[in-house]
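Not measured: the values here are computed from a predicted model. Excluded from the calculations below are hydrogen atoms, water molecules and symmetry mates; all remaining heavy atoms, backbone and side chain alike, are included.
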Amino acid sequence: MNNKSKVRVRFAPSPTGSLHIGGARTALFNWLFARHEKGTFILRIEDTDRERSTEEFTKSIMDGMKWLGFDWDEGPYHQTDRMGLYREHVDRLMKEGKAYRCYCSAEELETKRQAMLAAGQKPKYDGKCRDRKDQPEGPYTIRLKAPLTGITAIDDICRGHIEFENKELDDLIIARSDGTPTYNFTVVVDDVTMNITHVIRGDDHLNNTPRQVLIYEAFDYPVPVFAHLPMIFGADKKKLSKRHGATAVTEYQAMGYLPEAVVNYLARLGWSYKDQEIFSLEEMIEKFDLNVVGKSPSVFDTEKLGWVNGQHLAKYSDERVAEMVIPFLKGLGLEVNDIKYAAKAIASERERGRTLKELAEISAFYFRDHIDHDLNAATKWLGEKGKEVLRTLRDGLSKLPDLSEPEVAKVFEAVIAETGLKMLDVAQPVRVAMTGTTVSPGIYLVLSILGRKRVLERLDKAIAY
RNA sequence: GCUCCCAUCGUCUAGCGGCCUAGGACAUUGCCCUCUCAAGGCAAAGACCGCGGGUUCGAAUCCCGCUGGGAGCGCCA
């Protein structure tokens, strides 16, 4: 096996923000492809924008990747560590006459750009310095001497064959007047020197691709295989942004989503396998195929994410779920001392919550010292009639040494037989007394979990409401 | 404005010329279960496959045009 045939892919975020949903999906498809092909997944930090790049964001991106489970085999490489390499490449193009100095000022270029736009034309560099022979003093940028005619074509795994007319392109700047290289240039140099075989990225880069191909060709370097992934939109079909709510993967972590659920959901945005919706990480790796990825953008749907999360959550043991929920209970200011109690309590609510946070919220009543009764619930069920029921029940329950479900059931049945009330009219006041609301798991179960002491306390409090 | 990309139920998607009276999933509605709410089970509704032309015995599937949406056109990445 030679290195050339082995798949090498990279995820190359710029640390100007934390890892967001769109970036995570790009990372995911790269990672899945690498793992499926038994190739190498590389993390590269594109931090040449020194104004906006920060260490915090770099760390945050890596934390997000780790949380999602995207382990990388190489890196993180930082572009800022590779400036010498870019410099050499620029020099080489200069030496070979494939690049030239451009003395046009940023202001001058901007004016021309506006003028062309106003004239209804595509703003392109006019080639003013392309053939100038002198080398005056003063700042200059370096531009690629791109072909004026012909066609640059790419064969994209997702999009197929795409042709661009070279006359639509212009001589792009590859080095700024301060000597630093620009994005399109660094990507190519990095991808070549890192032996990247497949460039998998968002389709917002599709229009950059022919420019990059021109750079590969200027160096006579082999062009990698491209795969441009469709974007992810918000409900308004606009590119996902903060306006659409949570976009950072850390926010999903904080909302109590499981990483494998987020990954599963993201994978199904653009990719599919038969009629299957739920995949384990291993299954995704096994079944993932870039050729199957669709072309059209997809809308991010939190509802479905929630369902997927619930499906994954269902696979864990009660104990494991409790472990995961406890930090969220702490987030609500609730301390958990008895782990076995917590496991039973949370288990009783399992199918009622889709996220760990929801589970913590609906299980919270088990851990509170004092129950606040919801006004509507109390008004409806803790009237004189309800309280009478509670008093009768209290008599029965207080005689039990401990509250097992069957024993509790007997007490309820006795009360029903004695009073002629319907189960609903007995259960609801108790439910309000125990939880403060009209919604909870089966009432016998709730009582048995809470235990005699808490139950009697809560009954007393409700009776005194 | 110019260039490139995209277009199947509200949403995610299956479909790659006849198996489609277009399948599945989320969401929605109804029923069952039932002490509430869920979960689960069953069922329904929901897409004249963006529109218009072709090609073909036959098109959601191929071709062209149109419309709509998106992206790019930076000394940002």
Item to check | Same-atom distance (C1') from B:rG10 to B:rU28, integer angstrom | outcome: 9 Å
Item to check | Within 45° cone and under 6.0 Å: A:Arg268 NZ/CZ vs A:Tyr265 ring | outcome: no
Checklist entry - If you take atom types as modelled and just measure distance, does the side chain of A:Arg431 reach the base of B:rC35 with a donor-acceptor pair under 3.5 Å? => result yes
Checklist entry - Do A:Ser177 and B:rC75 share a donor-acceptor pair, side chain to base, under 3.5 Å? => result yes
Item to check | Pairing residues for A:Asp204 by the salt bridge (Lys or Arg N to Asp or Glu O under 4.0 Å) criterion, not counting sequence neighbours | outcome: A:Lys239
Checklist entry - Is there a Watson-Crick or G-U wobble partner for B:rC37 with both distances under 3.5 Å, and if so, which one is it? => result none
Checklist entry - B:rG52 and B:rU11: how far apart are their C1' atoms, nearest whole angstrom? => result 28 Å
Next on the checklist: Using the ring pair (Phe, Tyr, Trp, His ring centres under 6.0 Å) criterion, which residues pair with A:Phe57? Sequence neighbours excluded.
Outcome noted: none
Checklist entry - Do A:Asn208 and B:rA77 have a side chain to base donor-acceptor pair shorter than 3.5 Å? => result yes
Checklist outcome for this item: Taken to the nearest whole Å, OH/A:Tyr273 to C1'/B:rA14 is 13 Å
Item to check | Donor-acceptor pair (no angle test) under 3.5 Å: A:Glu277 side chain, B:rG24 base | outcome: yes
Using a cut-off of under 3.5 Å, enumerate the N/O to N/O pairs linking the protein to nucleotides 4-9 of chain B.
| unit_1 | atom_1 | unit_2 | atom_2 | d |
| --- | --- | --- | --- | --- |
| B:rC5 | O2' | A:Arg159 | NH1 | 2.1 |

Next on the checklist: Closest approach to the side chain of A:Glu168, judged atom by atom: which nucleotide of B:rC2, B:rG70, B:rA77 is it?
Outcome noted: B:rC2
Checklist entry - Using 30° and 60° as the class limits, which term best fits the ring planes of A:Tyr273 and A:Phe279: parallel, tilted or perpendicular? => result perpendicular
Checklist outcome for this item: As its Watson-Crick or G-U partner within any shown strand, both distances under 3.5 Å, B:rC16 has none
Checklist entry - Using the P atom in both, what is the distance from B:rU29 to B:rC51, to the nearest Å? => result 29 Å
Checklist entry - Where the side chain of A:Glu303 is defined as all heavy atoms beyond and including C-beta, which of B:rU36, B:rA27, B:rG72 is the nearest nucleotide? => result B:rA27
Checklist entry - Using the P atom in both, what is the distance from B:rC62 to B:rG15, to the nearest Å? => result 13 Å
Checklist entry - OP1 or OP2 of B:rA77 sitting under 4.0 Å from any side-chain N/O of A:Thr48? => result yes
Checklist entry - Partners of A:Arg201 by side-chain contact (heavy atoms from CB on, under 4.5 Å), sequence neighbours excluded? => result A:Arg10, A:Tyr183, A:Val187, A:Val199, A:His205, A:Thr209, A:Gln212, A:Phe226, A:His228
Checklist entry - With rounding to whole Å, what would you report as the distance between B:rA22 and B:rG30 at their C1' atoms? => result 25 Å
Checklist entry - Quick one: is A:Lys124 getting a side-chain N or O under 4.0 Å of the B:rC2 phosphate, OP1 or OP2? => result no
Next on the checklist: Applying ring pair (Phe, Tyr, Trp, His ring centres under 6.0 Å), can you list everything that pairs with A:Phe233, at least two apart in sequence or on another chain?
Outcome noted: none
Next on the checklist: Which label fits A:Trp271 and A:Phe288: parallel for a plane angle under 30°, tilted from 30 to 60°, or perpendicular past 60°?
Outcome noted: tilted
Item to check | Separation between the P atoms of B:rC64 and B:rU55, rounded to whole Å | outcome: 15 Å
Checklist entry - Going through the checks in order, is the side-chain hydrogen bond (donor to acceptor under 3.5 Å, both in side chains) test met by A:Asn166 and A:Thr152? => result CA-CA 6 Å; A:Asn166 288 153; A:Thr152 297; 2.5 Å; yes
Checklist entry - Roughly how far apart, to the nearest Å, are B:rG50 and B:rC57 at atom P? => result 25 Å
Checklist entry - Any side-chain N or O of A:Arg113 less than 4.0 Å from the OP1 or OP2 oxygen of B:rC75? => result yes
Next on the checklist: Measuring to OP1 and OP2 of B:rA39, would you say a side-chain N or O of A:Arg352 lies under 4.0 angstrom away?
Outcome noted: no
Checklist entry - Do the side-chain N or O atoms of A:Arg354 get closer than 4.0 angstrom to the phosphate oxygens (OP1, OP2) of B:rA27? => result yes
Next on the checklist: Of the options B:rU36, B:rG70, B:rC12, whose atoms approach the side-chain atoms of A:Lys304 most closely?
Outcome noted: B:rC12
Checklist entry - Roughly how far apart, to the nearest Å, are B:rU8 and B:rU13 at atom C1'? => result 9 Å
Checklist entry - If only atom types and distance count, is the side chain of A:His78 paired as donor or acceptor with the main-chain N or O of A:Thr80 below 3.5 Å? => result no
Checklist entry - So, does A:Asp47 use its side chain to make a donor-acceptor pair with the main chain of A:Gln79 at under 3.5 Å? => result yes
Checklist outcome for this item: Of B:rC35, B:rA77, B:rU11, the nucleotide closest to the side chain of A:Asn184 is B:rA77
Checklist entry - Has A:Ser298 got a side-chain N or O lying under 4.0 Å from the OP1 or OP2 atom of B:rU13? => result yes
Next on the checklist: Given B:rU11, B:rG70, B:rC35, identify the nucleotide with an atom nearest to the side chain of A:Val299.
Outcome noted: B:rU11
Checklist entry - Can you tell me if the side-chain N/O atoms of A:Lys238 get under 4.0 Å from OP1 or OP2 in B:rA71? => result no
Item to check | From B:rC26, B:rC35, B:rA77, nucleotide with atom closest to A:Ala427 side chain | outcome: B:rC35
Checklist entry - Heavy atom of residues 306-315 of chain A under 4.0 Å from RNA chain B: which residues? => result A:Trp307, A:Gln311
